[in-house]
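Counting convention: from 1, in listed order, for ligands and their atoms alike. Values reported hereafter were calculated over all heavy atoms of this structure, with side chains retained and with hydrogens, waters and symmetry mates removed.
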Amino acid sequence: MPPNHNLLIMNENFHEIRMEDYDINPITGFLPPMPPLRTLPDEYYEPWEFIIENFHELLLAGRFRTSVDNMPLLNVDHLKTPAEYHRAFLVLSFLSHGYVWGNVNDISDRIPASIAIPWVKVSDYLGVAPIANHAAVVLWNWRLIFPDEPFSLNNLSTLLTFTNTFDESWFYLVTTAIEGHGGSALSSIISAVNASNVGNNNQLLKALKGISSIIESINLTLQRMYEKCDPYVFYWKVRPYLAGWENEDRLPDGLIYEGVDGNDEYGNPIYRKYIGGSAGQSALIQALDVILQIEHFSTSFIKPKVNKVDEVNVDKINKDNGVNKVNGVNGSNKVNGVNKVNGCNNSGVQSSREYNKAPQVNICSYMNNNNNNNNNNNNNNNNNLKCPFNNMNNKQKPYLYKIRENMPGPHRRFLEDLSKIANIRNYIISNIGYDSSEDEEIDNLIKAYNECLAQMKNFRNIHLQIVSVYIVIQENRSKTALPIKKEIITKNYTTEPIKITKPPVMDSIKGTGGTNLIPFLKQMRDETVAQEIPNKY
Ligand code: HEM
């Protein structure tokens, strides 16, 4: 049966959300329900598995590329199950990135047909760009050391690494362990959506508390990165292999996938560009953003100014948004019909009390207006269910949206569908002052929602610190080290103290997708904080 990704939005009561339609498991979340395959079962794929088994040896011996060049072109028809496709994608990602980046003095701007053709086919099947990604190295790259013991960081091992180091394994495994919180996070997320849909404040409160405590656990796991991943090894040995071929100085034109795209009209080979692997491609973290209605803007976009919103009556807003029905649950009035209201994740609902302190920028309506202004023929007010980012070129898209191309198709669709119904923040705001007998309940919801934001802010602060240690400091070292090296050579191993004259460079360091790293990550954090609902309204 083809995946029915509309079920989530079509289902009136949201009681029967079928996570499996999105390749999501209620227990393991975005991780597969069973540990990924350690090899492809069909012997037909032995040529791939042989090179993978000898990956480090072949690189060390300088024979990796020729081995791949001599590999036969295999057909993907022998892959039978999703798990086999996952394994094939992982293997082909390693073969490709090993081929391109495996020799620092001779980077390849092409991959041979024997890996390019099957890689593109497997990627098409999985609905993902043909480039190493978070799914490959984190979701589909682990095993349990003791199969009869539970999934936990101290029972995990990686299947493949580029560098054969503890550091690289730990980098992936900490992230895999974070993904292990996905099952419970998604249960709470769906419970929260259901609760706000039927106006069940108790259930919503419980779900929000669940979400904040899961983010707290994620943060504790993230902190463990320092334990066994050395920043030097990460930056100089591991990270180069995960690089992609978009915004990449060493491959300015991108990469040729031989046998796939052919030549252009002038007979020149066609290049492809894709962003490399990053945990920013985690659908789990993005799902948390979506459910909390945290909106991220493109760094190149000028954030629209928030107009002071006049005090608006809830009834009027509901009417404007097409909410005809007010649902009486337990005798109280709750706003219902969310799924029929505004498809985008922030309908800009204001409370009947003064509620214009929290930023109320609605990226979807802003983008829709923007698109409509730019295209007079497309003045369609009923397109709320379409997310406008789809119409944007890559430079306009917020980075976190763009990198969804690197997520498996079902996970990307889950985020798209979730953002159409995520309404918790609006729900809480729209209920402020609606019924004075419920003020305390709403206060508690505000606190619980803000606590989720506080935990997301912590996540981004911890992550910023990690990025400073693992990238910024390493990169600055490289910049200050060059003159030092020269001095040592010319002065014949001088013992004079070396002065560092260059200030650390923060703003110009680039992330995987060419973003200005630190300003970008700070923006993500600030956009998180911006959604806080003030306690006093
Ligand atoms: C050594 C460890 C890590 C380093 C050096 C690192 C580096 C980076 C970099 C450079 C970016 C910028 C965007 C990009 O290049 O794609 C980024 C973004 C991101 N990373 Fe990491 N990362 C690390 C670990 C993790 C882990 C374990 C997670 C957990 C899932 C994570 C989640 C994210 C997220 C969600 C973003 C997008 C920005 C945001 O939502 O705030 N990272 N990371």
W101/F162 aromatic ring centres below 6.0 Å
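W101 vs F162: aromatic centres not under 6.0 Å.
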
Centres of the F64 and F55 rings: under 6.0 Å?
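Judged by ring-centre distance (under 6.0 Å), F64 and F55 do meet the cut-off.
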
Closest to [atom] among [options] (heavy-atom distance):
atom                    : options                : value
atom 34 (C) of ligand 1 : S282, S468, G280       : G280
atom 42 (N) of ligand 1 : Q523, H463, K522       : H463
atom 9 (C) of ligand 1  : D167, L517, I518, L242 : L517
atom 40 (O) of ligand 1 : R460, R224, E179, H296 : R460

Any N/O of D289 closer than 3.5 Å to an N/O of ligand 1?
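No, there is no polar N/O contact under 3.5 Å.
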
N or O contact, Y470 vs ligand 1, cut-off under 3.5 Å
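No: no nitrogen or oxygen of Y470 is under 3.5 Å from one in ligand 1.
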
Does L284 approach ligand 1 within less than 4.0 angstrom via side chain, backbone, both or neither, non-hydrogen atoms only?
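The answer is neither; L284 stays 4.0 Å or more away.
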
For ligand 1, which atoms, with element, lie under 4.0 Å from some heavy atom of [X]?
X    : value
S278 : 14 (C), 16 (O)
V467 : 6 (C), 7 (C), 8 (C)
L222 : 26 (C), 27 (C)
Y399 : 13 (C), 14 (C), 15 (O), 16 (O)
I285 : 30 (C), 35 (C)
L400 : 37 (C), 40 (O)
I466 : 1 (C), 2 (C), 3 (C)

Please assess Y22 against L186 for the test side chain to side chain contact (heavy atoms under 4.5 Å, CB included), listing each intermediate value before the final yes or no.
CA-CA 12 Å; Y22 299 92; L186 290 168; over 6 Å; no

Donor-acceptor contact below 3.5 Å, side chain N25 vs main chain T28:
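Yes, N25 side chain to T28 backbone: donor-acceptor pair under 3.5 Å.
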
Does the plane of the ring in Y232 sit parallel, tilted or perpendicular to the ring in W236? Use 30° and 60° as the thresholds.
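Answer is tilted, since the angle falls between 30° and 60°.
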
Taking the inter-plane angle between the rings of H86 and W140 on a 0 to 90° scale, is it parallel (under 30°), tilted (30 to 60°) or perpendicular (over 60°)?
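Correct class here is parallel.
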
Decide, yes or no, whether a salt bridge links R65 with D106 under the criterion of side-chain N to carboxylate O below 4.0 Å.
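Answer for the salt bridge query: yes.
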
Give a yes or no on whether a salt bridge exists between R425 and E295, defined as a side-chain N under 4.0 angstrom from a carboxylate O.
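No, no charged N to carboxylate O under 4.0 Å.
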
Report yes or no: does a heavy atom of V174 sit under 4.0 Å from some atom of ligand 1?
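V174 does not count as a contact of ligand 1 under the 4.0 Å cut-off.
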
Using side-chain heavy atoms (C-beta onward) and a distance below 4.5 Å, is V469 in contact with M225?
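Sidechains of M225 and V469: no contact.
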
Name all residues meeting the salt bridge (charged side-chain N to carboxylate O under 4.0 Å, His left out) criterion together with D124; count only those two or more places apart in sequence or in a different chain, and write none if there are none.
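Salt bridge (charged side-chain N to carboxylate O under 4.0 Å, His left out) list for D124, sorted by chain: empty.
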
